[in-house]
There are 2 protein chains.
Amino acid sequence: MTSARPSTPQPPSRRIAEDLRRQIESGERSPGDKLPSERALAEAYGAARNTAREAIRILAEQGLVTAKHGSGVFVREPQRLFRFGSDRYSLKNRETGLTPFRLEAKKQGKVARIEVPSIAREKPPVDVAERLKVPADEESVVHRENHYFADDEPVQIVSTYLRWDEAQGTLLMQPKTGKDGIYGRLEELGHVMTRVRDEISARMPTPEEAATLELLPGVPVLEVLHTSLDQDGIPFEVSRYVHRADQTGLLYELPVE
Amino acid sequence: MTSARPSTPQPPSRRIAEDLRRQIESGERSPGDKLPSERALAEAYGAARNTAREAIRILAEQGLVTAKHGSGVFVREPQRLFRFGSDRYSLKNRETGLTPFRLEAKKQGKVARIEVPSIAREKPPVDVAERLKVPADEESVVHRENHYFADDEPVQIVSTYLRWDEAQGTLLMQPKTGKDGIYGRLEELGHVMTRVRDEISARMPTPEEAATLELLPGVPVLEVLHTSLDQDGIPFEVSRYVHRADQTGLLYELPVE
DNA sequence: TGCGCCAACTGGCTTGAGCCACTTACTGGC
DNA sequence: GCCAGTAAGTGGCTCAAGCCAGTTGGCGCA
């Protein structure tokens with residue numbers, strides 16, 4: 001793809017970045033290793049400190065290194081992925097009495113914690129309104145926001161939207177929703193989850209998301225817009241999952257139809 | 001989430017970036033609009049050009065703007081997502097005679113083009129070897145690399161791995177694999193696709209991927225590690241899809257088991 | 001009219017200097 | 001033996017200046 005001879009001479013900052021990248025990928029520098037300081041790098045390459053700094057910025061953007069203020073720049077540890085599977089909706093998980101998140105946390109020997117910062121009646125975002133088939137210009141939904149932590153590290157932000165007319169006055173408006181969680185209550189309302197639709201995309205986080213998830217520069221987020229359909233094909237719940245991509249993966253296992 | 005009063009005074013570069021971000025999100029600056037030049041921004045905020053430049057870098061990293069050398073900095077257009085569905089493996093799509101990619105391209109009125117840069121016997125990467133259940137230290141697989149384009153814009157890179165002992169001497173070693181593609185040939189070898197496992201993650205692209213996909217800074221990639229299982233639960237094909245996340249989404253629709 | 005050149009403007013990248021905030025390790029006093 | 005204070009080293013961020021390279025549009029020549 002690139003030309004036979006590297007005809008275009010790379011600018012110094014990129015050359016330094018590529019040197020370091022090669023060293024990291026070849027294992028010459030291992031995860032956790034400290035890189036030379038910006039000042040040392042600059043001197044070694046006969047460049048200005050800003051140029052060395054720019055090289056490190058490039059690597060950080062690629063997710064290869066992390067700078068720790070006052071301490072140094074370190075090769076990033078490969079993260080064990082927390083997997084969220086298509087079976088998170090599975091009925092058989094009900095039997096464990098654990099929510100899918102707690103189950104996955106337990107599998108990895110971590111302590112799960114879930115915060116519910118807000119539950120409120122709201123106007124839905126347009127993409128949610130479309131999928132839940134409610135008007136976008138009225139306060140037609142209940143919005144439940146949840147933050148999930150594993151060993152006190154934030155892992156995902158989940159916004160769940162339910163029809164206001166159904167949720168009104170029920171446990172769905174409370175932080176504790178009772179046995180089997182919201183899906184238990186929704187079943188009592190006549191909605192048995194039969195099919196799900198997950199729309200997946202990836203993007204860079206907003207500043208708010210970066211703060212909430214304590215994301216380092218160069219870490220994207222995975223966004224899943226989830227729709228639950230009941231036995232009649234009626235959408236009764238829409239959720240937006242925002243996962244940190246450095247610690248999270250998704251797993252879908254499905255039959256070919 | 002943030003403190004009541006913004007006690008920590010943001011550095012100038014961030015302040016400029018946040019100003020611009022707010023203007024973009026409020027619609028004050030629309031997609032396609034040109035931002036003030038670095039020099040103009042610097043003067044307007046009483047800062048050095050480098051500082052204005054840093055602000056723009058921050059926005060670019062968030063995927064909000066794109067710089068065009070010699071021309072200006074522009075608010076990025078929201079991209080229509082090219083959706084790859086779980087039905088890409090579906091048998092019913094066979095009837096159209098089109099591959100899933102060509103089908104999706106046609107839906108969006110774009111011209112699909114597929115390149116096959118290489119087909120070679122290789123040692124598999126460890127993650128592929130694990131899933132295909134072949135040794136990682138031998139040349140046990142055939143690696144087919146494909147590049148997909150829509151209207152000549154690169155959209156995804158796909159690496160397909162097949163067992164060498166099965167593919168050897170068949171059409172699977174050729175660029176043109178005949179009717180119904182590789183899955184047609186694999187069926188003749190006794191593998192009917194019955195279940196699929198897709199492992200999804202997101203990350204920043206490597207420099208090579210950024211070059212091949214013509215990615216702008218601040219655009220992550222979606223990686224799908226796909227495994228096909230046959231009627232006996234035997235994995236017979238593993239593919240790694242690398243999608244550009246600014247134009248691509250994934251759609252999984254599945255029954256709850 | 002049409003085309004080619006060129007000036008002005010844009011971002012890309014570097015330099016070298018300086019100040020600040022945070023971390024770490026050592027050192028001296030209690 | 002402990003602990004507080006400090007000095008040295010680190011990244012975070014800015015400044016002011018300069019050169020380069022790509023783009024654009026207008027001006028003037030043929």
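Chain letters run A, B, ... following the sequence lines, proteins first and then strands; every chain starts at 1.
- Using a cut-off of 4.0 Å between Lys/Arg side-chain N and Asp/Glu carboxylate O, A:D127 and A:R240 are scored as salt-bridged.
- Remark: P of C:dG16 and CD of A:E43 are 13 Å apart, rounded to the nearest angstrom.
- Between A:E38 atom CD and D:dT10 atom C1' there is a gap of 8 Å when expressed in whole angstrom units.
- Straight-line distance from the CG atom of A:L41 to the P atom of C:dT14: 14 Å, rounded to whole Å.
- Each of A:V73 and B:A48 was assigned the nucleotide of DNA chain D with the nearest heavy atom; the assignment lying further toward the 5' end belongs to A:V73.
- The existence of a salt bridge linking B:R21 and B:E18 is excluded, since no basic side-chain nitrogen approaches an acidic carboxylate oxygen closer than 4.0 Å.
- Between D:dG12 and A:R57, no contact under 4.0 Å exists linking OP1 or OP2 to a side-chain N or O.
- Taking only distance into account, the side chain of B:R53 never meets the base of C:dG11 through a donor-acceptor pair shorter than 3.5 Å.
- Between the base of D:dG22 and the side chain of B:H69 there is no donor-acceptor pair shorter than 3.5 Å.
- Remark: P of D:dC13 and CZ of B:R15 are 16 Å apart, rounded to the nearest angstrom.
- A donor-acceptor contact under 3.5 Å links the side chain of B:R49 to the base of D:dG18.
- In this structure, of C:dC19, D:dC15, C:dT10, it is C:dT10 that holds the atom nearest to the side chain of B:R39.
- A sub-4.0 Å separation between OP1 or OP2 of C:dC9 and a side-chain N or O of B:S71 is absent.
- One can place CZ of A:F74 at 10 Å from C1' of C:dT23, the figure rounded to the nearest angstrom.
- A close approach under 4.0 Å does occur between a side-chain nitrogen or oxygen of A:S37 and OP1 or OP2 of D:dT10.
- With respect to A:E199 and A:R131, a salt bridge is recorded, a charged nitrogen being found less than 4.0 Å from a carboxylate O.
- To the nearest angstrom, P of D:dC13 lies 7 Å from CD of B:E54.
- Here C:dT14 presents its C1' atom at 13 Å from CD1 of A:I58, a figure rounded to the nearest Å.
- Each of A:G72 and A:N50 lies near DNA chain D, and the nucleotide nearest A:G72 is the one positioned closer to the 5' end.
- Distances shorter than 4.0 Å separate some side-chain N or O of A:S13 from OP1 or OP2 on C:dT14.
- Rounded to whole Å, the distance from CG on A:L59 to P on D:dG11 is 13 Å.
- Screening B:Q247, B:H147, B:H243 for a side chain to side chain donor-acceptor pair (under 3.5 Å) with B:Q156, the sole residue that qualifies is B:H243.
- Under 3.5 Å, the side chains of A:S239 and A:T160 contain a donor-acceptor pair of N or O atoms.
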